[in-house]
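In what follows, a single structure is set out as structure tokens and then discussed.
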Amino acid sequence: MAVNPLEIVRKCISTEISRELGIEPNTIRGAFTIPREEYGDLTIVLSKLPKGGSYIDRVVKAVENCSYVMKVDVIGMYMNIWFNRPRFTELVFSSIIASKAGYGVYKEEKKKRVVVEYVSANPIHPLHIGAARNAALGSFIANINRAVGNDVQTRFYINDVGRQVAILTLGIKQLSNVEPPKDVKSDHWIGLIYAITNTIIEIISLKKRLELEYSEEKKREIQKELDSLLADAARLREQAPDIFDTILDKLKEVDVEREISKIMKDYEKGEKEISELARKAVSLCIEGINQTLKRFKAEIDIWDWESDLVWSGEVDRVIEALKRISSEYKGTLAIDFKQLLNIEGIRDRLRIPKSLEIPPLILLRSDGTSLYTVRDISYSIKKFREYNADIVINVIASEQTLPQAQLRLALYMLGHHREAENLIHYSYEIVNIEGARMSSRRGRIVTLDSVLEEAKIRASVELEKRGMKSEEIAENVGIAAVRFYLLSVTPSRPVKFSWDNVLNFERNSAPYLLYTFARTEGVFRKARELDIDLNLGKILKEADLYFTQNNTRRWRLVRILSEYPDTFYRSYIELDPSIITTYIIKLADEFNSWYDEEPIVLEANESLRKSKLIITYAVNQILRGAFKILGIEALERL
RNA sequence: GGGCCCGUAGCUCAGCUAGGAUAGAGCGCUGGCCUUCUAAGCCAGUGGUCCGGGGUUCAAAUCCCCGCGGGCCCGCCA
């Protein structure tokens with residue numbers, strides 16, 4: 001367990017109370033709360049103590065026994081505790097200096113092996129802003145797990161088996177050349193071909209439906225949808241007229257549904273020509289996606305091809321095993337979970353929502369090809385096996401709650417109990433654009449690339465205002481802004497995308513934090529300029545520990561610094577980055593107010609200056625550590 | 001029809017897990033602060049039926065129930 005000053009004080013107090021009242025120290029924990037400033041530093045809600053509000057005098061005496069406590073005051077049911085500021089300051093300072101960059105960072109006693117599968121976006125178009133939230137969250141999960149000492153492997157599942165890649169392949173097949181033009185990023189190129197092909201296919205199918213429809217009302221409905229598709233088609237054609245016309249001419253001639261179905265079958269069989277074509281197209285897309293992810297500081301260790309699972313026979317083996325426990329359902333084979341769900345406590349163990357209804361899981365399409373969730377079962381087993389993982393975390397939007405639940409249940413039924421129990425669906429809400437959903441199928445998306453470019457431009461403009469010109473800094477600031485924005489909303493809440501939000505460079509933003517960090521760096525730069533000794537051990541010994549007496553602002557800083565270990569721990573346990581982002585904003589606010597008010601390096605009183613340097617050092621270290629976990633590059637100047 | 005998530009200031013969001021004192025930030029708007037370690041900053045002001053209604057409780061934004069509004073899911077899609 002990392003050093004936690006606040007925990008030391010809580011423990012000291014609860015030990016004293018438990019000794020006095022003869023109760024378990026742990027039962028006191030829930031009674032602690034941090035009060036408003038004017039009511040002290042820590043409060044115990046007396047009615048929450050096991051023996052209620054009785055024995056108040058004895059409790060007060062007991063608490064006063066703790067050396068970190070200066071004063072205790074009872075108002076109604078609140079027992080307000082004021083800390084002995086110099087003693088507590090010393091505790092906080094020494095904790096920080098002893099653990100350096102590790103201050104507040106929780107350490108797992110027994111390191112775990114963790115696989116994080118994330119992004120896993122369809123390999124048929126560039127990443128959009130929704131996938132960016134996944135990428136930001138997934139890389140945060142990987143980073144914080146590494147920080148606590150766990151072994152982490154990140155994986156990207158390339159979903160290349162299925163209808164969407166078949167559509168892309170159908171489009172590619174009509175073209176003589178797959179290579180993108182020089183000035184087009186390969187994933188954007190693939191995305192365009194896919195959108196063109198898909199839109200044409202949808203138009204063809206809608207026109208057929210229109211011919212067969214008799215109801216006037218339905219006809220009008222179809223016509224309306226068709227009009228919107230045609231508008232999309234016109235827009236797509238503008239981007240690449242030749243390609244659009246080629247694909248359109250060729251697809252007009254054929255039965256597209258049969259073609260798609262054939263491609264899917266051939267690809268699952270590994271038929272040479274189709275496989276090479278599909279792999280080539282998907283590889284191009286993945287290449288572009290990987291470039292974007294690297295730029296976005298979301299690293300992938302292993303790229304898993306879904307088709308490999310099919311070709312290697314792993315999917316077949318799972319299907320064979322599933323067949324033995326399947327039953328007849330709607331004319332095909334399916335896994336029914338009813339009996340399993342009747343087992344006492346199974347929902348808790350597999351983290352399945354209490355009243356979530358789970359329909360049977362269908363094994364195969366009538367044409368014999370496999371289905372996504374079934375393939376995912378063999379992939380889940382692979383993820384555990386290959387890394388010898390204790391936990392596998394799937395970062396997947398909440399809309400997939402049901403298939404993810406089916407996945408765990410199926411694993412359990414196959415006898416993979418440990419895997420089922422340790423497969424976590426890390427669920428988050430999607431990104432909305434002005435209330436509307438993006439459609440990659442029609443090429444209507446806000447790409448992460450465009451957001452990053454815009455952020456970079458915005459950062460350059462801000463830099464130029466300050467007479468600075470640095471592409472590298474603009475790039476880092478821009479990326480930090482986007483990542484921070486996506487990480488600062490609680491994952492269970494939907495994010496409303498707007499350029500104004502993403503490109504906010506003022507308070508409550510990464511640029512603001514980077515700026516604060518750069519200020520702390522500036523302080524140390526100045527100190528070195530003036531030949532001021534920065535040996536922390538020495539500084540601590542000679543620091544003025546009374547510098548918070550009668551000074552609210554300074555005391556507030558010490559208090560906030562003491563709260564970081566709790567913050568970090570909660571963020572790790574809940575895997576919620578917004579707990580850290582909220583905290584560091586508060587820390588930066590407090591630091592900036594103070595910075596404006598008092599000199600630090602230029603402080604004439606030596607021992608006072610030392611205390612101030614420790615505060616600055618602490619802010620610097622906490623920000624540096626938090627940046628690393630959030631995937632933000634710490635910049636010394638800004 | 002059933003399920004999951006969300007609803008807090010004009011806008012974007014904290015706070016809800018574990019009930020606790022006068023519900024907090026940012027943006028916006030009004031006014032002020034650069035000869036000092038970085039003004040992407042600081043200070044002051046402005047702004048709230050915590051979606052509505054019940055219930056539990058000494059105490060509810062927080063827990064429970066019933067509604068309302070929004071998003072998502074309930075496919076031989078992924």
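So you know, we letter chains A, B, ... as the sequences are listed, proteins then strands, and number each from 1. The structure presented is a predicted model; accordingly, all values stated were derived computationally and were not measured.
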Review point. With both distances under 3.5 Å as the test, what is the Watson-Crick or G-U wobble partner of G45(B)?
Key: C29(B)

Point to revise | Below 4.0 Å: OP1/OP2 of G24(B) and any side-chain N or O of Arg36(A) | key: yes

Exercise for review: Specify the residue among Arg29(A) and Glu357(A) whose closest nucleotide of RNA chain B lies further upstream toward the 5′ end.
Suggested key: Glu357(A)

**Study point:** Phosphate OP1/OP2 of A40(B): any Ser509(A) side-chain N/O under 4.0 Å
**Key:** no

**Study point:** Heavy atoms of other groups near Lys382(A) NZ, more than 12 under 6.0 Å
**Key:** yes

Study note, to complete from the structure: Side-chain contact check for Ile430(A): nearest option of C27(B), C76(B), G71(B) is G71(B)

Point to revise | Whether over 12 other heavy atoms sit under 6.0 Å from Glu328(A) CD | key: yes

**Study point:** Distance below 4.0 Å between Ser47(A) side-chain N/O and C58(B) OP1 or OP2
**Key:** no

Practice item. Counting heavy atoms from C-beta on, name the nucleotide in G20(B), C42(B), G28(B) closest to the side chain of Met77(A). Key: G20(B)

Review point. What does G1(B) pair with, Watson-Crick or G-U, if both distances are under 3.5 Å?
Key: C74(B)

Practice item. Could you check whether Gln400(A) gets within reach of a base, just the sugar-phosphate, or nothing at all, counting any heavy atom under 4.0 Å? Key: base

Review point. Stacking check: are the rings of Tyr39(A) and A21(B) less than 5.5 Å apart at their centres and under 30 degrees in tilt?
Key: yes

Review point. Any chance the side chains of Asn592(A) and Arg519(A) put a donor and an acceptor closer than 3.5 Å?
Key: yes

Review point. What nucleotide among C76(B), A40(B), C37(B) has an atom nearest to a side-chain atom of Ile600(A)?
Key: C37(B)

Review point. Stepwise, does the ring-ring contact (aromatic ring centres under 6.0 Å, His included) test hold for Tyr39(A) with Tyr78(A)?
Key: CA-CA 9 Å; Tyr39(A) 290 124; Tyr78(A) 304 102; 7.4 Å; no

**Study point:** Atom pair distance, as rounded to whole Å: CD in Glu597(A) and P in C37(B)
**Key:** 18 Å

Practice item. Answer yes or no: does a side-chain N or O of Arg365(A) lie under 4.0 Å from OP1 or OP2 of G75(B)? Key: no

Check your understanding: Between G41(B), C13(B), A78(B), which nucleotide has the shortest distance from any of its atoms to the side chain of Asn592(A)?
Key -> G41(B)

Point to revise | Out of C16(B), C4(B), C42(B), whichever nucleotide has its closest atom nearest the side chain of Pro353(A) | key: C4(B)

Study note, to complete from the structure: Here the gap from Asp376(A) atom CG to Ile396(A) atom CD1, rounded to the nearest 0.5 Å, amounts to 6.5 Å

Check your understanding: Which of these nucleotides, U38(B), C77(B), C72(B), is closest to any side-chain atom of Arg163(A)?
Key -> C77(B)

Review point. Of all the choices, A25(B), C13(B), C42(B), which nucleotide is nearest to the side chain of Tyr512(A) once you look at every atom?
Key: C42(B)

Check your understanding: Does C6(B) have OP1 or OP2 sitting under 4.0 Å from an N or O in the side chain of Ser492(A)?
Key -> yes

Review point. Between the side chain of Ser571(A) and the main-chain N/O of Asp576(A), is any donor-acceptor distance below 3.5 Å?
Key: yes

Check your understanding: Among U8(B), C37(B), G41(B), which is the nearest nucleotide to the side chain of Arg493(A)?
Key -> U8(B)

**Study point:** Presence of Arg507(A) side-chain N/O under 4.0 Å of G28(B) phosphate oxygens OP1/OP2
**Key:** no

Review point. Going by modelled atom types, is there a donor-acceptor pair between the base of A78(B) and the side chain of Asp160(A) at under 3.5 Å?
Key: no

Exercise for review: Could you please name the partner base of A40(B), counting Watson-Crick and G-U wobble pairs only when both distances are under 3.5 Å?
Suggested key: none

Exercise for review: Scan Thr43(A) against the nucleic acid and name what it touches under 4.0 Å (heavy atoms): base, sugar-phosphate only, or nothing.
Suggested key: base

Point to revise | Given RNA chain B, 5'-ward residue of the pair Glu521(A) and Asn501(A), judged by closest heavy atom | key: Asn501(A)

Exercise for review: Would you classify Arg458(A) as touching base, sugar-phosphate or nothing, given that sugar-phosphate means primed atoms plus P, OP1 and OP2, and contacts are heavy atoms under 4.0 Å?
Suggested key: nothing

Exercise for review: Decide yes or no, distance alone: a donor-acceptor N/O pair under 3.5 angstrom between the base of C73(B) and the side-chain of Thr401(A).
Suggested key: no

Review point. Syn or anti for C34(B), with syn set at within 90° of 0?
Key: syn

